[in-house]
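Letters A, B, ... are given to chains in the order of the sequence lines, protein chains preceding strands, and every chain is numbered from 1.
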Amino acid sequence: MRWSRYFWHTSKEDPADAEAPSHRLLIKGGFIKQVSSGIYEFTPPGVRVLRKVENIVRKEMDRSGAQEVLLTVLNPAELWKETGRWDLYGRELFTLKDRNGRDYCLGPTHEEEITDLVRSFVNSYRQLPIILYQIQVKFRDEKRSRFGLIRGREFIMKDAYSFDTDEMSAMFSYENMKFAYDRIFKKLRLKTLMVEASVGAIGGISSHEFVVLTDYGEARVAYCETCGYAANAEIVKLPKPQEEVEEEKPLQKVHTPNTDTIEKLSSYLNVPPQKIIKALLYIVEGNRPFLFLIRGDRNIDENKVEALLGTDNFRLAQEEEIWQLLRTKKGFVGPFNLPSHFKVYWDNSTYGIKNTVIALNEPDYHYVGANPGRDFSYGEFVDVCQVEDKDPCPKCGSPLKVSKGLELGHIFLLGTRYSQPMRAYYRDPQGEEKPIIMGCYGIGISRCISALVEQCHDDKGIKWPTPVAPFELDLICINTSDQEQKDVAEKLYTLALEYGIEAIYDDREESPGFKFADADLCGFPYRIVIGKKVKEGKVEIQNRHTGERWDADIEKAIQEVKVLIEEDKK
RNA sequence: CGGGGUGUAGCUCAGGUGGCAGAGCGUUGGCUUUGGGAGCCAAAGGCCGCAGGUUCAAGUCCUGCCACCCCGACCA
């Protein structure tokens, strides 16, 4: 490709509203352009990267025995009503009507449609198992799109679905996909971590996420470097700690004005937060009060609360509600003299605490030196505590590490959640009708591009791994008005194409510095610079990843680069 | 959906107390230059997010709306 004729436009300035490095560099490097919030166009070089990622995924999916299909973007509402998701999916679903007033949605995922496809052809156990997949655009009207391709409202996804006769066979399909995902992320040169994930309210059987550790992700991941345990933080169980051993001090009621937060109370009394019991009043389903008690230095993980309560319809009580229910203020809520309809849960973190500070539902007062058994009694213990760094690993007890993670893949053993309501049945060898056991497996293709940039960049720009680079080699002619240099550049460009190297020839009438800056920004793994040294029969080869540069004979340079590229792609 | 921020040239931004619409980069033409976003000269380029209002006069003040970004909530 000759750059002078190529539709590729980089920017010298950082884009004004891009924060995440991947978002900034993909826009600055001219790979994508924003059209609306969470909606991006791909330019020709952007498409080149996208296709490479897609093809790596496609190849490994094919290798696993999955078969590619292409479902529709425009989905009729009827299918979604069969599973109840037309109403359950909520406002995240983009919906529209046709000219006759019939309802449609833009597919956010395709369990319904694929199940419809399979049920219309599969009748017998002899036709199973089967795995189908597609690479296609998805639409989700996210409450908050952000960070460029990391969370878009329109994005490209590989979604696969497995269909099996029984759970044993389904587990096999699931394991098959797990291995395929491992290979895919290795080939993409993405350092992912496979973590156990929440099976969700739907009642799936097993679920794993493939995440990259980056600040620009939405998941919290806990992992153990000792035993290899890794899980989404929301499902990591925290046990009761050891009982504290301390002599019990007398109980005192202390005047503590203006201490509506743990920080203020802690500094007012000069007591560390972990010696305070924090009480949080939640309102469940609009009117049921639930009191959660947790150690003052810990936070509630609302995902755990949701799993405990079996509903996501809960929120912290407002100031007025606290007053109406308990005649006290925020910061002075405690487990004493509660009305009988209150449900009280003690987080494990409060177990065995001694000489603690605890509120008594009287504004501006706290108990100090309170002890369980003597001054208050525990009730039901639960685990709703947010996992933090150094919490014990549930497998081996070593300290866990907690990081933010970006979810690139999610595999899910679904069971009969979709096959049952949609009557996707098969006949077993005894002639009995049974629901197909399903699994679903997603990879965020466009999100992978962002993840690659997050993992491979420096302050000058992107450093694409060779297998996904838009071009493998950039040829830079320093002085375009020097005929000798130009001839060598042309010759090497033609030769590179003959060798099957994906090369871009920067033949633009620009200064050398301009071309170097673009080369760094756009992230080509290799660069050949044709400059003054052509008089000595030499050109310079540069490696974007290592920063190494060395002279090579004009005749041998392309061959040398070809070897390096092939090595990278192995 | 709550909180914060930003909308002025293609891009990045400046435009106290209301008084002629600005810069740098980019673009076009010309000359010079060629190993890290070159220099000089000239030119083009604007619904100041939209709609109302106040005023002799609004990019600037007031009201409403819209869009985008960030934090939070949410996230098969």
Side-chain angles (χ1 to χ4, degrees), chain A residues 9-20 23-24 27-28 30 33-39 80 83-85 88-93 107-112 138-148 150-153 155 157 159 161 197-204 207 209 216-220 232 234 302-303 305-306 312-316 318 406-407 410-412 414 417-418 438-442 444 460-461 476-482 485-486 506 508-522 527-534 539-540 542 549 551:
Chain A
H9 305 282
T10 60
S11 165
K12 198 164 159 181
E13 301 279 356
D14 277 335
D17 29 291
E19 179 125 328
H23 188 196
R24 179 168 51 81
I27 289 176
K28 192 178 179 185
K33 184 186 169 294
Q34 183 171 30
V35 174
S36 180
S37 181
I39 303 177
W80 287 77
T83 60
R85 287 212 293 180
L88 285 174
Y89 214 93
R91 299 216 295 149
E92 212 174 292
L93 199 62
T109 176
H110 285 79
E111 283 81 6
E112 280 80 359
K138 297 278 188 274
F139 294 86
R140 294 179 193 178
D141 197 357
E142 295 281 354
K143 283 177 183 118
R144 190 180 162 211
S145 49
R146 56 175 154 181
F147 302 145
I150 286 179
R151 169 167 300 228
R153 296 192 297 165
F155 60 98
M157 184 171 172
D159 46 325
Y161 306 89
S198 161
V199 290
I202 288 171
S207 176
E209 292 169 350
Y216 294 93
E218 75 278 33
R220 292 180 81 241
N232 191 310
E234 71 194 48
E302 294 197 348
N303 293 303
V305 175
E306 183 181 336
D312 62 354
N313 184 2
F314 60 87
R315 56 176 172 78
L316 273 173
Q318 319 256 320
L406 178 59
E407 179 186 331
H410 197 166
I411 61 177
F412 214 108
L414 291 169
R417 166 65 180 89
Y418 299 92
M438 288 175 60
C440 70
Y441 316 89
K460 288 179 179 165
I476 294 180
C477 181
I478 294 293
N479 187 349
T480 48
S481 47
D482 180 320
Q485 287 185 23
K486 218 171 166 179
D506 196 345
R508 294 174 297 177
E509 307 262 330
E510 295 287 354
S511 69
F514 185 97
K515 293 179 185 178
F516 288 136
D518 259 359
D520 289 336
L521 175 62
C522 299
R527 189 184 312 175
I528 292 180
V529 181
I530 300 106
K532 279 182 192 142
K533 287 184 200 146
V534 294
V539 290
E540 187 178 280
Q542 298 185 9
R549 48 181 68 185
D551 289 341

Check: [N] base within 3.5 Å donor-acceptor of [X] side chain:
X        : N     : answer
A/Arg549 : B/G36 : yes
A/Arg151 : B/C75 : yes
A/Glu540 : B/G35 : yes
A/Ser511 : B/U34 : no

Over all strands shown, is [X] touching base, sugar-phosphate only, or nothing at heavy-atom distances under 4.0 angstrom?
X        : answer
A/Arg146 : base
A/Ser37  : sugar-phosphate
A/Asp518 : base
A/Glu302 : sugar-phosphate
A/Phe147 : sugar-phosphate
A/Asn479 : base

[N] pairs with, by Watson-Crick or G-U criteria that keep both distances under 3.5 Å:
N     : answer
B/G16 : none
B/G46 : none
B/A9  : none
B/U54 : none
B/G29 : B/C41
B/A73 : none

Look only at the side chain of A/Lys515 and the backbone of A/Arg508, and say whether a donor-acceptor pair between them is shorter than 3.5 Å.
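Judged by distance alone, yes, a pair lies under 3.5 Å.
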Heavy-atom donor-acceptor pair, A/Gln542 side chain to A/Arg527 backbone, under 3.5 Å:
no
Considering only side-chain heavy atoms of [X], which listed nucleotide, [options], is closest?
X        : options             : result
A/Lys460 : B/U34, B/U12, B/G36 : B/G36
A/Lys532 : B/C69, B/G35, B/U12 : B/G35
A/Arg91  : B/C1, B/C70, B/U34  : B/C1

Under the criterion side-chain hydrogen bond (donor to acceptor under 3.5 Å, both in side chains), which of A/Arg151, A/Arg153, A/Arg91 is the partner of A/Glu142?
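Option passing the side-chain hydrogen bond (donor to acceptor under 3.5 Å, both in side chains) with A/Glu142: A/Arg151.
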Looking only at heavy atoms, the pair that brings A/Arg417 and A/Arg85 closest together is NH2-CG, 3.7 Å
Between [X] and [N], does any side-chain N or O lie under 4.0 Å from OP1 or OP2?
X        : N     : value
A/Ser36  : B/C68 : yes
A/Gln542 : B/G35 : no
A/Arg144 : B/C71 : yes

